[in-house]
K.L.:
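First the structure, then my questions, so here it is.
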Amino acid sequence: MANLRYVITLVLGCMSAASTWQTKAQAPDKLPVVATFSVLADFARNVGGERIDVAALVGPDGDTHVYQPKPADARELGAARLILVNGLGLEGWIDRLIKASGAKAPVVVATKGIKPQQMREEGRVELDPHAWQSIADAKIYVANIRDGLIAADPAGEAAYRANAEKYLGKLDTLEAEVKREIAKIPPGRRQIITTHDAFGYFGTAYGFRFVAPEGVSTETEASARDVAKIIRQIKSQKIPAVFLENVTDPRLARSIAAESGATVGGTLYSDALSPPDGPASTYIDMMRNNVRELAAALAN
Ligand SMILES: [Zn+2]
C-alpha cells in the first residue's frame with residue numbers, strides 16, 4: 001500500500017511537471033528583437049505585434065550616424081533572436097558592436113532589394129542610407145522584416161503575414177495622402193533647405209528638391225564656405241524656406257534663414273522618431289508631420 005501510494009505520488013508529480021512544461025511551450029516568451037534605430041523598431045512592432053519584444057539601440061531624436069554604443073547595447077544584442085539594421089552605411093558602428101557582443105542572431109538588412117541612391121559628401125560619391133523617407137521603399141523594409149521574423153520564429157508565420165498585410169495597407173493609404181498633399185504645393189516652390197542631406201529618396205519619390213549644407217551624414221560639419229554657398233543659392237534660386245530637423249542642431253538652419261531672408265519652416269523628422277508624446281512617434285505620424293510642415297510653409 002505504501003508502495004502504491006509512492007507510485008501514485010510519483011506519477012502525479014511527473015504529470016504536473018509535464019503540464020508545467022507544456023504551458024510554457026504553449027505560451028513562449030516574446031521573441032527579443034533589436035533594431036538599430038527607432039524607425040526600424042516601429043516597423044518591427046507593427047509586423048511582430050504581441051509576439052515580439054523590440055528594442056531600438058538609438059532612441060527617439062537620436063542621431064544614428066554618430067551614435068556611440070554603450071555596454072548595455074552589447075548585452076541587448078547578445079540576448080536578441082533577431083537583429084534589424086538599415087544598411088547602406090547608416091550604422092558605421094554596428095558590425096564591430098555585433099562582433100563584440102558575441103551575438104549569434106541572424107541580421108536582417110532592411111534595405112535589401114532597394115535601389116540605392118547616391119549622394120555627394122565632401123566631393124566623394126557615397127550611398128545614401130535614408131531610404132525609409134520614400135514610402136515605396138518603406139514597404140520593402142516591412143517585407144524584409146516580415147521575412148526575417150518568419151525565419152526566426154516560424155510558428156508566428158500566419159500572424160506576421162497578417163500584421164504585415166494590414167500595415168502595408170496603411171502605408172498605401174499614407175502614400176496616397178502624401179502625394180495628394182504635395183500636389184497642393186506649387187511645383188516652383190517645392191524646394192527647401194535642410195541641415196543634413198536626409199531627404200534624397202523623399203525628393204525623388206515626391207518631386208521635391210532638398211538642398212543641404214551637410215552631406216550624407218551629420219558627421220561633417222558645414223564649413224563657412226558651404227554656408228555662404230547655400231545662402232547665395234537660396235537668394236538666386238528663391239528657395240522659400242529653411243527647415244529644422246529633430247536630429248541636428250537648429251542653430252545652423254536658423255542662422256542660414258536669418259542671413260538669406262528665407263523663412264524658417266517647422267521641424268522635419270529625418271533620421272529618428274519623436275518621443276511618444278511628440279508629433280512623430282510612429283513612422284506614419286513622422287511622414288504626416290513632415291508633409292504637413294512642408295505644406296504649411298510652401299503651399300501659398
Ligand atoms: Zn541622416
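Whatever order the structure lists them in is the order used to number ligands and atoms, beginning at 1. Because only heavy atoms are used, hydrogens play no part in the values below, and waters and symmetry mates are left out as well, while side chains stay in. Along the sequence shown, the residues carry numbers beginning at 1. Quantities reported herein were computed from a predicted structural model and do not represent experimental measurements.
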K.L.:
Pairs in or reaching into residues 258-292: which pass ring-ring contact (aromatic ring centres under 6.0 Å, His included), with residues at least two apart or in two chains?
P.N.:
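Checked against ring-ring contact (aromatic ring centres under 6.0 Å, His included) - neighbours excluded - the pairs reaching residues 258-292 are Phe43-Tyr283.
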K.L.:
Write the atom name of the N, O or S atom in Asp271 that is nearest the Zn ion (ligand 1).
P.N.:
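Going through the N, O and S atoms of Asp271 one by one, OD2 ends up nearest to the Zn ion (ligand 1).
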K.L.:
Compute whether any side-chain donor of one residue and acceptor of the other, for His196 and Asp271, lie under 3.5 angstrom apart.
P.N.:
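A donor-acceptor contact under 3.5 Å links the two side chains.
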K.L.:
Flag Asp63 as yes if one of its N/O/S atoms falls below 2.8 Å of the Zn ion (ligand 1), otherwise no.
P.N.:
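Checking the Zn ion (ligand 1) against Asp63, no N, O or S atom falls under 2.8 Å.
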K.L.:
Which atom, among the N/O/S set of His196, is closest to the Zn ion (ligand 1)?
P.N.:
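Result: NE2.
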K.L.:
Using modelled atom types and a 3.5 Å cut-off, is there a donor and acceptor pairing between side-chain atoms of Gln118 and backbone atoms of Asp128?
P.N.:
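No, Gln118 side chain to Asp128 backbone: no donor-acceptor pair under 3.5 Å.
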K.L.:
Suppose we screen for ring-ring contact (aromatic ring centres under 6.0 Å, His included). Which residues come up paired with Tyr160, at least two apart in sequence or across chains?
P.N.:
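ring-ring contact (aromatic ring centres under 6.0 Å, His included) check on Tyr160 returns nothing, list empty.
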